[in-house]
Protein chains: 2
Amino acid sequence: MTGTNPQTARSGRGRVLTVAKIARLAGVSAPTVSRVINGQTGVALETRRRVEAILREHGYRRPGGSTSVAIVELVFHALESLWALEIIRGVERVAREHDLAVVLTEMQGRLTPGRAWTEQVLTRRPTGVIAVFSELTVAQQSQLATRSIPLVVLDPTGEPLHQTPSVGATNWNGGLAATRHLLDLGHRRIAMLGGPPEWPCCRARLDGYRAAMDAAGVPVDPDLVRISTLYVEGGLADGRELLALPDPPTAIFTANDLQALGVYEAARLAGVGIPDELSVVGFDDLSFTRWSGPPMTTIRQPLEQMGATATRMIIDLAAGQSLDQHRVELATELVVRESTAPPSRG
Amino acid sequence: MTGTNPQTARSGRGRVLTVAKIARLAGVSAPTVSRVINGQTGVALETRRRVEAILREHGYRRPGGSTSVAIVELVFHALESLWALEIIRGVERVAREHDLAVVLTEMQGRLTPGRAWTEQVLTRRPTGVIAVFSELTVAQQSQLATRSIPLVVLDPTGEPLHQTPSVGATNWNGGLAATRHLLDLGHRRIAMLGGPPEWPCCRARLDGYRAAMDAAGVPVDPDLVRISTLYVEGGLADGRELLALPDPPTAIFTANDLQALGVYEAARLAGVGIPDELSVVGFDDLSFTRWSGPPMTTIRQPLEQMGATATRMIIDLAAGQSLDQHRVELATELVVRESTAPPSRG
DNA sequence: CTGAAAGCGCTTACAG
DNA sequence: CTGAAAGCGCTTACAG
């Protein structure tokens, strides 16, 4: 009577992990371990810490749990543009190849998921969590860690977290390439429409712009560097102000394609022709850029592959493998279309 | 010592379902039920049948398993445009309000999910399934029905199925409104760029166009009605051919916004100005239409609400309620922007 | 093919 | 805060 219950938690090697064994390892009783696993109160902080460490170390999982329903959680701050859809596609593709179900959540613009989300995720016991353009609280991170649910962040918004594995694009290189392209065309009054610089991806694009300008020996006019929102409206508003300057820019590099579309509209309203009187470079290469009037020069971000990469990292981590690198940056690429040309004046 | 194990399977009402109870109901012992549940051999066919019937009837679920994970399955033929994203948002919003997890699957362009999908869905035992722009086989439908998993189709592609609840928009009205708008502006040579007419939503838009033309007493020139693909490339190719006709149209109504974007590009390449020389009306009102050059007149389809409605139908059906109506069509609306104007000639 | 008995893993009052 | 004891749900040899 071996009593091997198929619902029983197993570690990677097939060694059966039970609450009793964890208890023995931690030097406590089974009920105490049970309480820790279920997040109940009435356990001394010190004891809880010790038990959690052992749980994590041995990769304990509840019996049954995710055995039949293997899930990867995908959390977005917002589902607003094709940017999100490309990432979803990449995640879904790799997940499907590994028989993982993708559970999608939107946080309605907030950058940190709420308590309700955390509770539900802990109930669902996913194989892993991918957080896009967001940040988990330290408490949320440790709750996942306790249950050995790996977390990967795509385009992290917080302080570059060295512990949390993350995926992004070579944003700095992208900013550099976009600006150098404009410089090579002969532009000198090049404006940068940035996103909120507290977000590393936006900051890196801005820094790439500055680096290219410095390298070319072109001083950056502070009036031409503006922080805007990452939406069409932001590009429209700030684009109008830039074009209304006494000495307006001959080129504008924006932090994303939506902003660039806003600049298009600002130029249209101001009667400024693209690319004859104004060059515009976007960032992302969302599909509509190919069909905008005129087709947009932009920095391609491999969003689908970023989603796919994040998912593969989750799968590797869940299998107990260590990652080659905790921070993966996929290459950006300059895509030259018809919104950039040599300056007509200056 | 109630021994209420959180891993215990529960029916909807909270009544605890155990192997022992199923055994009592089936008039067999618990080990026999256990063997049936785990698909082991050594159970008489007759007994197995009886036990399976009881299990299904009472909705027995393995402990732990998917019990606590309430899921709604969302299947797309493809995740390609903002069209999909809007629907996802609507589904996700209502699902979140009801503590349901949204599991997203893409079928890479196929209109019927494969065997692997079916197996996984049956394993996940979702609260319901929403199929977008697709069709389930009769076998798949009955597999869901057997497990009382409700199915709702959004924009069905097959024969209008009277048994399967579905959600759509008032496509015929939309086609009528778009065409009437162009007629009211004075256009007579109005082209229609349709999608594949075997898809009811496309067929209805085309029929709405014809109805408006007939009502206005304007004969439809067969050369001006073309069936195209629902992508930018389709609108570009067919738009170019329309504009190359000896007697080209003064207005084009397209089956969706992507096609209309293709027509924009065709006009740009042909040096035809919008709206001065050509009026264009799209369909969907995806967000980029507001920012296309010029901003697009289009028929708004409430995609977010369609997703939300489908999800509410699933929730009602899963709760055992009957639906008010099995086919819901949400209203479309003409949004007039700057791509339409009176014809310059004719 | 079937069930009574044994036993495993987990959790829950309860005592200290 | 902690653990010994009780007990639930499930499964597995074993007997018939």
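Heavy atoms only: backbone and side chains are in, while hydrogens, waters and symmetry mates are out. Letters A, B, ... are given to chains in the order of the sequence lines, protein chains preceding strands, and every chain is numbered from 1.
In this structure, the side chains of L144(B) and V121(B) come closer than 4.5 Å at one or more pairs of heavy atoms.
Protein atom CD1 of I22(A) is 18 Å distant from nucleotide atom C1' of dG3(D), rounded to whole Å. In this structure, L55(B) places its CG atom 16 Å from P of dG9(D), rounding to the nearest Å. Atom CD1 of I37(A) is separated from atom C1' of dT11(C) by 11 Å (rounded to the nearest Å). At whole-Å resolution of the value, CZ in R35(B) and P in dG3(C) are 8 Å apart. One atom, CZ of R24(A), and another, P of dC10(C), lie 12 Å apart when rounded to the nearest Å. Here the C1' atom of nucleotide dC1(D) and the CZ atom of R50(A) are 12 Å apart, to the nearest Å.
Distance alone, capped at 3.5 Å, is enough to place a donor-acceptor pair between the R89(B) side chain and the L79(A) backbone. Here the side chain of S142(B) pairs no donor or acceptor atom with the backbone of A145(B) at under 3.5 angstrom.
For dA4(D), the OP1/OP2 oxygens have no side-chain nitrogen or oxygen of S29(A) closer than 4.0 Å. Here T18(B) does not reach the OP1 or OP2 of dC8(D): none of its side-chain N or O atoms lies under 4.0 Å away. Put simply, T32(A) has a side-chain N or O that comes within less than 4.0 Å of OP1 or OP2 on dG3(D).
Aromatic ring orientation, W83(A) versus F133(A): perpendicular (interplanar angle above 60°, classes split at 30° and 60°).
If you check dT2(C), dC10(C), dT11(D) against the side chain of V19(B), the one that comes closest is dT11(D). Residue A30(B) has its side chain nearest to dT11(D) when only dT2(C), dT12(C), dT11(D) are considered. Comparing dC10(D), dG3(D), dG3(C) by their closest approach to the side chain of V28(A) singles out dG3(D).
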Indicate every side-chain donor-acceptor pair of residues 312-319 of chain A with a distance under 3.5 Å to a residue at least two apart or in another chain.
none

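Where G42(B) and S34(A) each meet DNA chain C at their nearest nucleotide, the meeting point lying more 5' is that of G42(B). Place L45(A) and P31(A) on DNA chain D by their nearest nucleotides, and L45(A) ends up nearer the 5' end.
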* In dot-bracket, 5' to 3', how would DNA chain D read with Watson-Crick or G-U wobble pairs under 3.5 Å, [ ] for crossing ones and | for pairs to another strand? -> |||.||||||||.|||

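With respect to the salt-bridge test (charged N to carboxylate O, under 4.0 angstrom), the residues R96(A) and E92(A) qualify.
Residue R49(A) qualifies as open at atom CZ: its count of foreign heavy atoms under 6.0 Å is 12 or below.
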